[in-house]
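For reference, positions follow the sequence shown, starting with 1.
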Amino acid sequence: MSKLFSPFTLRDVTFKNRIAVSPMSQYRAIDGVANDWHMVHLGRFALGGAGLVYAEATAVERDGRRTHGDLGLWDDAQIDPLRPITAFLAKEGAIPGVQLGHAGRKASERRPWHGETPVDAEDFAERGEAPWPACAPSAIPYADGWPAPDEMSEADILRVIQSFGEAAARAYEAGFQVIEVYAAHGFLVHQFLSPLANHRTDKWGGSVENRNRFAVEVARAIRAHWPERYPLAFRLSATDWVDGGIEAEDAVVTATALKAAGVDMIDCSTGGIGGKDRPRRMVIEEGFQVPFADQVRREAEIATMAVGFLWGAERCEEVVATCQADMIALARELLDDPNWPLHAAATLGADESHNLWPVEAGWWLMKRDRLLQKLGIR
């Protein structure tokens with residue numbers, strides 16, 4: 001039996017298989033509000049057989065958006081447009097999840113096709129999109145050419161922590177059953193975790209325990225507003241790929257602290273902290289981030305999700321079957337083929353007669369196969 005297509009349970013939530021749709025920003029929201037685009041974008045993955053479907057990075061504050069097109073859960077008005085989406089995902093057998101985040105010093109950024117550089121007067125002239133102030137643990141720009149963010153005060157820090165909790169409550173009202181906190185790729189929680197972005201000398205910076213404090217308090221705030229029966233995950237950058245930054249050993253310490261605060265799974269990515277320091281050379285190949293998920297899983301004794309440059313069904317099966325990770329997250333492969341899970345099931349022998357397909361599609365495919373067999377084509 002395929003391990004990739006076996007059920008997996010966290011708290012009271014059971015995923016029908018180990019395949020997750022990674023959060024993928026679409027930049028199509030208006031004032032943080034979801035629309036038909038998000039229904040179609042996410043709904044196709046449920047029809048395609050994924051066990052967990054994450055909505056994209058969703059801002060917990062208006063100024064915590066990365067771009068003007070980000071989804072948000074900073075306002076009650078953003079709840080209702082998400083409800084039909086989560087209901088559809090659940091009806092089709094996928095667990096609806098959402099990634100909550102705050103962009104920190106990466107806020108007020110142009111969409112990728114506009115350059116992924118800071119929003120300025122040109123954007124306002126062309127699209128009516130004005131810049132907004134960014135904040136961070138320290139007043140260090142994300143990269144050359146970026147403005148220095150405002151260094152967060154104690155009051156700022158506590159406000160954002162509370163915003164995560166309040167967004168979690170809205171996520172529940174919207175119908176989500178899993179929350180993942182975006183603590184990777186240079187977003188605000190990652191900025192607090194990394195010594196490359198966090199130069200504070202108070203209780204929020206310095207030692208790894210102090211740099212973990214913001215993430216831990218975010219987890220606690222979410223848990224205070226999130227049902228005990230529902231899982232909470234964090235996406236971490238398990239290394240910054242930069243000397244002096246986060247290393248895998250630090251990620252284990254962070255994961256251990258988060259587990260004690262009520263976190264159930266770590267989604268192990270890497271990189272993205274930005275800054276002027278040149279990254280170490282990464283050998284980018286299929287599954288190159290899997291060893292981080294393996295190490296965190298073993299040493300922190302917490303469930304992990306492997307993500308990044310995974311595309312082959314056999315490789316994904318191997319990762320789960322050998323207990324290097326508990327779940328697999330895919331992104332670009334699913335954009336290219338939303339039915340990847342169903343095709344993977346056939347490849348692994350888990351579905352030889354289209355039984356896993358929605359009956360409306362599987363019936364047609366079985367009819368096609370019978371005709372092809374009758375004609376001697378298959």
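- In this structure, the separation between CZ on Arg62 and CH2 on Trp74 is 5.0 Å, given to the nearest 0.5 Å.
- In this structure, the side chain of Arg211 does not engage the main chain of Asn198 through any donor-acceptor pair within 3.5 Å.
- In this structure, Asp63 contributes its side chain and Trp132 its backbone to no donor-acceptor pair below 3.5 Å.
- At distances below 3.5 Å, at least one donor-acceptor pair connects side-chain atoms of Gln191 with backbone N or O atoms of Gly186.
- Separation of atoms OG1 (Thr254) and CD (Glu209) is listed at 9.0 Å; rounding is to 0.5 Å.
- Other residues, nucleotides and ligands contribute only 12 or fewer heavy atoms inside 6.0 Å of the CH2 atom of Trp364.
- For the residue pair Pro149 and Ala136, the shortest heavy atom distance occurs at CG-CB, 3.6 Å.
- Residue Trp241 holds its CH2 atom at 9.0 Å from CD of Glu247, rounded to the nearest 0.5 Å.
- Using a 30° and 60° split on the angle between ring planes, Tyr230 and Tyr172 fall in the tilted class, from 30° to 60°.
- For residues 130-153, no pair satisfies salt bridge (charged side-chain N to carboxylate O under 4.0 Å, His left out), with sequence neighbours left out.
- Across every non-hydrogen atom of Met1 and Phe5, the tightest pair is CE-O, 4.3 Å.
- Counting only distance, with no hydrogens or angles, the side chain of Thr86 and the backbone of Pro96 share no donor-acceptor pair below 3.5 Å.
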Set out, in order, the CA-CA distance, both residues' side-chain angles and the distance that settles salt bridge (Lys or Arg N to Asp or Glu O under 4.0 Å) for Arg65 and Glu109, then state yes or no. CA-CA 9 Å; Arg65 294 172 297 165; Glu109 182 178 328; over 6 Å; no
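- Atom CG in Leu188 sits 5.5 Å away from atom SG in Cys135 (nearest 0.5 Å).
- Every residue was checked against the ring pair (Phe, Tyr, Trp, His ring centres under 6.0 Å) condition with Phe88, not counting sequence neighbours, and none meets it.
- With hydrogens and angles disregarded, no donor-acceptor distance shorter than 3.5 Å links the side chain of Arg111 to the backbone of Gln26.
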Please assess Arg66 against Glu56 for the test salt bridge (Lys or Arg N to Asp or Glu O under 4.0 Å), listing each intermediate value before the final yes or no. CA-CA 12 Å; Arg66 181 185 172 199; Glu56 64 196 70; over 6 Å; no
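- No donor-acceptor distance shorter than 3.5 angstrom exists from the side chain of Arg11 to the backbone of Arg229, with no hydrogens or angles considered.
- A pairwise comparison of heavy atoms in Ala183 and His190 identifies O-CB, 3.4 Å as the closest pair.
- Under a 3.5 Å cut-off, the side chain of Trp146 and the backbone N or O of Pro141 do not form any donor-acceptor pair.
- Between Phe8 and Phe15, the ring-plane angle classifies as parallel under the 30° and 60° cut-offs.
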Report the C-alpha separation of His343 and Asp337 in whole Å, then their side-chain angles, then the decisive distance to 0.1 Å, and conclude whether the side-chain hydrogen bond (donor to acceptor under 3.5 Å, both in side chains) test is met. CA-CA 9 Å; His343 295 147; Asp337 178 11; 2.7 Å; yes
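- Atoms OG1 and CZ, on Thr67 and Arg110 in that order, are 12.5 Å from each other to the nearest 0.5 Å.
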Side chains of residues 41-48: which donor-acceptor pairs under 3.5 Å do they make with residues two or more places apart or in other chains?
unit_1, atom_1, unit_2, atom_2, d
His41, ND1, Arg44, NH2, 3.3
Arg44, NE, His41, O, 3.2

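- Atom CZ of Arg332 sits in a sparse spot, with 12 or fewer heavy atoms from other residues, nucleotides or ligands closer than 6.0 Å.
- Taking both residues in full, the closest heavy atoms of Thr304 and Ala293 are given as OG1-O, 3.2 Å, listed atom of the first, atom of the second, then distance.
- By the neighbour-count criterion of 12 heavy atoms within 6.0 Å, atom OH of Tyr27 is densely surrounded, having more than that number from other residues, nucleotides or ligands.
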Could you walk me through whether Arg297 and Asp294 pass the salt bridge (Lys or Arg N to Asp or Glu O under 4.0 Å) test, one step at a time? CA-CA 5 Å; Arg297 187 179 188 275; Asp294 183 23; over 6 Å; no
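- At distances below 3.5 Å, at least one donor-acceptor pair connects side-chain atoms of Thr239 with backbone N or O atoms of Ile246.
- Within the 4.5 Å cutoff, the side chain of Ile79 has heavy atoms near those of the Arg170 side chain.
- The heavy-atom pair separating Ala303 from Asp326 by the smallest distance is CA-OD2, 3.1 Å.
- Separating the CG atom in Leu82 from the CG atom in Leu89 is a distance of 10.5 Å, to the nearest 0.5 Å.
- Remark: Ile30 CD1 is loosely packed, at most 12 non-hydrogen atoms of other residues, nucleotides or ligands lying under 6.0 Å away.
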